[in-house]
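The figures here come from the full heavy-atom set of this structure, side chains too, leaving out hydrogens, waters and symmetry mates. In this text the structure is predicted, and so the values were computed from the model without any measurement. First listed ligand is number 1; within each ligand, the first listed atom is number 1.
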Amino acid sequence: MSYSFQIKDAAGYQSAYKKSVSDPEGFWGDVASSFYWRKKWDKVLDWNFKEPNIKWFVNGKLNITENCLDRHLGTLGNRPAIIWEPNDPEEHHRVITYRDLYNKVSQFANVLKNNGVKKGDRVCIYMGMIPELAIAVLACARIGAIHSVVFGGFSAQSIADRLYDANAEYIITCDGAFRGNKDIPLKSVIDDALVGCRFVKKVIVATRTRTPVSMLKGRDVWWEDEIKKVETMGNPDCPAEEMDAEDPLFILYTSGSTGKPKGVVHSCAGYMVYTTYSFVNVFQYQPGDIHFCTADIGWITGHSYIVYGPLAAGATTLMFEGVPTWPDAGRFWDIIDKYKVNILYTAPTAIRSLMGFGLGPVQGHDLSSLKVLGTVGEPINEEAWHWYDEHIGKKRCPIVDTWWQTETGGVLISNMAGITPGKPAHATLPLPGVQPVLVDEKGVELEGNGVSGNLCIKHPWPSILRTTYGDHERCRVNYFATYENMYFTGDGALRDEEGNYRITGRVDDVLNVSGHRIGTAEVENAINMHAGVVESAVVGYPHDIKGQGIYAYVVFGQMHGDEALTRQDILQTVTRVIGPIAKPDKIQFVSGLPKTRSGKIMRRILRKVAEGETENLGDTSTLLDPGVVEEIKNGKI
Ligand code: 7RM
C-alpha cells in the first residue's frame, strides 16, 4: 500500500502545511480521497466553535472496518495485521493475518447481533490486552455499535459510573487478565460493578486466565460458546453497517478538572482519516514495517495507534499483553529483537523506569531493526530523551515527541521521523492541518516566537472531539468557552525562536501520573469517601519516574489506631473508588487546609509545599488562618 498523503521531505512538509492553512477543505478532501467510501461527502467541512458544531465529510457514508479490513484483503490478506505477544514469554505468541482478522471480526460482529446489539447501542469493553480486545472493538465498529473501552485497572465503581453515564446495555469482558506477575479478576470486578444495576442485558466473557468466574443465568455468556452458535448458522461474513461520516464511533472517558470523567465522543470518518494520516506521517510508516505501540487499548493511544490508525494503513501492529519490567527489565528489548520491530512508540515514564535498571537489560539484544522511536503522554525530560536516543536508537533513529490528547483523537504537534528535525523535550511543529496558537489569560493571541502561554487550536482538524456524551454543554464550557473561537487544550506551552512548541504541562487541575490523566477532584472525592476524613486537597509534585506524583493533604477526624494504618486504609479507599492508578504517593495529615476568607482552598500554597518549596509561598495575606501554613510546612512528608 502506498499513501498519497505521505509527506516525503521537509519541503513537502512546508508546502502541505501552507496548503492546509490556505485551503483546509481542499487539503483534507485530498487526504480523504484515498479511503474507501460507500458514498462520497457533499462538503468537506461545516463548523463553528461557538456551539460547537463540527461536521467533517458531510453526508459521506462509510464503515471504518471496511477501511481497516475488507479493502486490504486482496493485497495484504496473508500479511500479519496483529502480532500478539503474551505476558509470559514462555507462552506462544499469535500472528493474525488481515484475512484472519477479517474473519474473526465478522464472526464476533455476528455474535453481537445475535445477542441483540444494534447500531447506536453502547457497548462497554473491559478486557486485558489480548487479540479479542481488538476484535471486540472492531466488531462493534462493524455493526455501528458505539464502544466504550474502560482500562482494565479501573475499579468496579468507575465502571459503574461509566456504564450509567453512557447507558451501556452490553459488556464484553474476560475472566481475567495477566499483567506481570499479577492475575486481575476482570469478570469479578464487572460483577461488583453490576450489583443493583438493572439495565445491562448481556455480558460476553472471553477466557484468558481460567480464573473461576460466576455466570449469571440469562445475562452472562461465554465468548467461545457464542462463536460456536454463529458458526453453525452458515454465513461467516458480516456485512458492514453503512455509517454516516458523523455517526459516533466510540466514547472514551477521560479526566478533567471536575470530579466526574467526561465521555469524549469521536465520530467515524474524521477519526479514521486523521488517525491514518497522522500514523503514516509522524512515524513515516513504510509497507512491511512492524509497529510496536506499548500503550493499553484502554487509553486513546491504543485506540488510535494500535488499532485504527495502523490497521487502516494496512500496517502490522504489535500488541503486548505484559508490562515493561516483567519477568525482567529487558522485556521491550526482547520483543524488539524477537520480531525485528521497526517503530517503537512508548511513554517517558516507561523510559525513565527502564533507565533505572541501567544498561544491563539492554545489552545482548539486537535493536538494529529499529528505525523510529516515539514518545507520548507527558513531557519528556532531556535526560530520558538522550538515554532513549543513545542506548535504544543508537543515535540512528529519529525520536518523535508526539503531543496530543484523548480529545484530539490523534497527534497534533510532533516532528515527523526523518522529515522535520526533533529537539529534546520539544514536540516541535504542528502537523499540516493543525493551527496551534498561544494565548495569554485574556485570550489575546501571542504572536511571534519566543513566547509562552496557553495552548489553543484555532481551526478544526478531522478527529477533534464532537461532544461529551450526554452533555454537549459540558463540552462547550470545557473546551470552547474559555477563549472565543478556539479549542482550549488545558496545556501550557512555549514557542521557541524557531517556532518549535514545548509543552510544559496542564494549567488546570488535571494531573499526569505515568502518562495517565487523573483529576485532583476525582482523587479528593475518593479520599473523602473514607469515613474518618473531614476534607482533603490533592496536588501534583515532580516525581522522578512517574513525571508527577499525587500528594494528598488530609484533614482527619478522630484518629483511632496509628497513622500508618489509616494511610493504608485511605489508599484502599482510593483503589476501591477509582483504581490503583489514582493512589496518592504521599498523604500528609493536617489539622486544616489553607483557605481564603471565602472558603477557597489555596492550592498554590499546597503545590509549593509538596514541591519542597518552603520560602517563597507568595501572598498569604488573604488566608483565613495563616497559622495552618506553618503547620503544613513543618509536617511535610
Ligand atoms: C495521548 C494522551 C493528554 C495530556 C495532554 C498533555 C499530556 C501528551 C504529550 C504531553 C507533553 C507530549 N492523551 N501530553 N503528550 N505533554 N508532551 N508529547 O496522552 O488525554 O491521556 O492526555 O497529556 O498534558 O493534555 S491523554
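Among all protein heavy atoms, the one lying closest to atom 17 (N) of ligand 1 is E378 O, 3.4 Å. Here the heavy atom of the protein found nearest to atom 2 (C) of ligand 1 is W404 O, 3.7 Å. Remark: minimum distance from atom 20 (O) of ligand 1 to any protein heavy atom is reached at T406 OG1, 2.6 Å. In this structure, the protein non-hydrogen atom closest to atom 11 (C) of ligand 1 is P379 N, 3.1 Å.
When each atom of ligand 1 is checked for a heavy atom of T301 under 4.0 Å away, the hits are 1 (C). Each of the atoms 5 (C), 6 (C), 24 (O), 25 (O) of ligand 1 lies under 4.0 Å from some heavy atom of D491. Listed by number with element, the atoms of ligand 1 under 4.0 Å from a non-hydrogen atom of V376 are 1 (C). Atoms of ligand 1 lying under 4.0 Å from at least one heavy atom of N512, given by number and element, are 7 (C), 23 (O). Ligand 1 places these atoms under 4.0 Å from at least one heavy atom of T402: 9 (C), 12 (C), 15 (N), 18 (N). Shown in contact with I300 at under 4.0 Å from a heavy atom are these atoms of ligand 1, numbered in order with element: 1 (C), 13 (N). Residue-ligand proximity, I503 to ligand 1, at heavy-atom distances under 4.0 Å covers atoms 11 (C), 16 (N).
Under the 30°/60° scheme for interplanar angles, the aromatic rings of F49 and F480 are found to be tilted.
At least one cation-pi condition fails for R466 and Y271: the charged atom is not both under 6.0 angstrom from the six-membered ring centre and inside a 45 degree cone around its axis. For the pair K458 and Y487, the cation-pi test (distance below 6.0 Å, angle within 45°) is failed.
Salt-bridge formation is not detected for the pair K442/D440: no Lys NZ or Arg NE/NH1/NH2 atom is positioned less than 4.0 Å from an Asp or Glu carboxylate oxygen.
Contact of the K583 side chain with the T575 side chain is registered, since non-hydrogen atoms from C-beta on lie closer than 4.5 Å.
For the residue pair E407 and Y479, a side-chain donor N or O sits within less than 3.5 Å of a side-chain acceptor on the partner. With hydrogens and angles left out, the side-chain atoms of K262 and N478 include a donor and acceptor closer than 3.5 Å.
A centroid separation of 6.0 Å or more is found between the aromatic rings of H303 and Y308.
Considering each of G377, A427, S414, A425, the one bringing a non-hydrogen atom nearest atom 23 (O) of ligand 1 is G377.
Heavy-atom distances between W299 and ligand 1 stay at or above 4.0 Å for every pair.
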